[in-house]
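Below is one structure, written out as structure tokens; the observations come after it.
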Amino acid sequence: MSIIIIVEGKNDRSRLRRLLAPEVDILCTFGTLNTLKLESLRRKIGDGEVYLYMDNDSSGKKIRGILRDAFPDAVHIYTRKGYAGVEGTPDEYNLTQLEKAGLEEYIIYPQPQPFPFLEP
């Protein structure tokens with residue numbers, strides 16, 4: 001079964017793409033939804049497992065509501081209010097949210113940065 005995350009924009013997709021394996025599809029609504037776009041999403045998703053990750057603002061909540069009706073079995077992922085959308089959410093927080101959603105096996109964890117050596 002395929003894994004699909006629906007986000008609002010291409011910057012959201014780019015932000016998550018760095019953190020997820022290539023087999024996870026990340027689809028965009030591009031900030032709007034109409035019947036044609038919704039039908040296109042349904043065709044692309046098929047019987048895949050859907051995750052919704054929208055911005056925590058009025059347009060994100062509106063899009064989430066429409067997608068909730070279209071994909072009632074979708075898993076919801078939330079960013080914190082105050083972050084500038086999914087694209088402005090720190091990677092550490094995104095990783096935590098992806099883990100909470102059960103996507104650990106698809107996460108590509110960033111390499112830890114070495115501490116600079118300080119001479120005494």
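Excluded from the calculations below are hydrogen atoms, water molecules and symmetry mates; all remaining heavy atoms, backbone and side chain alike, are included.
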Looking only at side-chain N and O atoms, does Glu104 offer a donor or acceptor that is under 3.5 Å from a partner on Tyr106? no
Strictly by modelled atom types, are Lys37 and Thr32 linked by a side-chain donor-acceptor pair under 3.5 Å? yes
Nearest heavy-atom approach of Arg64 to Ile77 is NH2-O, 2.8 Å
Nearest heavy-atom pair of Gly85 and Thr79: which atoms, and what distance? O-OG1, 4.2 Å
Kindly say whether Lys10 contributes a backbone atom to a donor-acceptor pair with the side chain of Ser14 at under 3.5 angstrom? yes
Taking Asp55 for the side chain and Val86 for the main chain, is one N or O donor matched with an acceptor at less than 3.5 Å? yes
Test ring-ring contact (aromatic ring centres under 6.0 Å, His included) applied to Tyr83 - qualifying residues, sequence neighbours left out: Tyr93
Note, [X] side chain near [Y] side chain (heavy atom, < 4.5 Å):
| X | Y | answer |
| --- | --- | --- |
| Lys100 | Tyr78 | no |
| Glu8 | Ser59 | yes |
| Leu19 | Asn94 | yes |
| Arg80 | Asn56 | no |
| Glu23 | Ile3 | no |

Would you compute the distance between atom [atom1] of [X] and atom [atom2] of [Y] and round it to the nearest 0.5 angstrom?
| X | Y | atom1 | atom2 | answer |
| --- | --- | --- | --- | --- |
| Asp47 | Asp73 | CG | CG | 12.0 Å |
| Asn34 | Glu39 | CG | CD | 11.0 Å |
| Asp25 | Tyr51 | CG | OH | 13.0 Å |
| Asp12 | Ile5 | CG | CD1 | 11.0 Å |
| Leu103 | Gln97 | CG | CD | 11.0 Å |

Suppose clustering is done on Ile, Leu, Val, Met, Phe, Trp and Tyr with side-chain heavy atoms closer than 4.5 Å. Which residues sit in the same group as Met54? Ile4, Ile6, Leu27, Leu33, Leu38, Leu41, Ile45, Val50, Leu52, Ile63, Ile66, Leu67, Phe71
Carefully, step by step, assess Arg18 and Ile108 under the rule side-chain contact (heavy atoms from CB on, under 4.5 Å). CA-CA 7 Å; Arg18 297 180 299 153; Ile108 299 170; over 6 Å; no
Regarding Asp57 and Lys81, does a basic nitrogen lie under 4.0 Å from an acidic carboxylate oxygen? no
Does NZ or CZ of Arg15 come closer than 6.0 Å to the centre of the six-membered ring of Tyr53, within 45° of the ring's axis? no
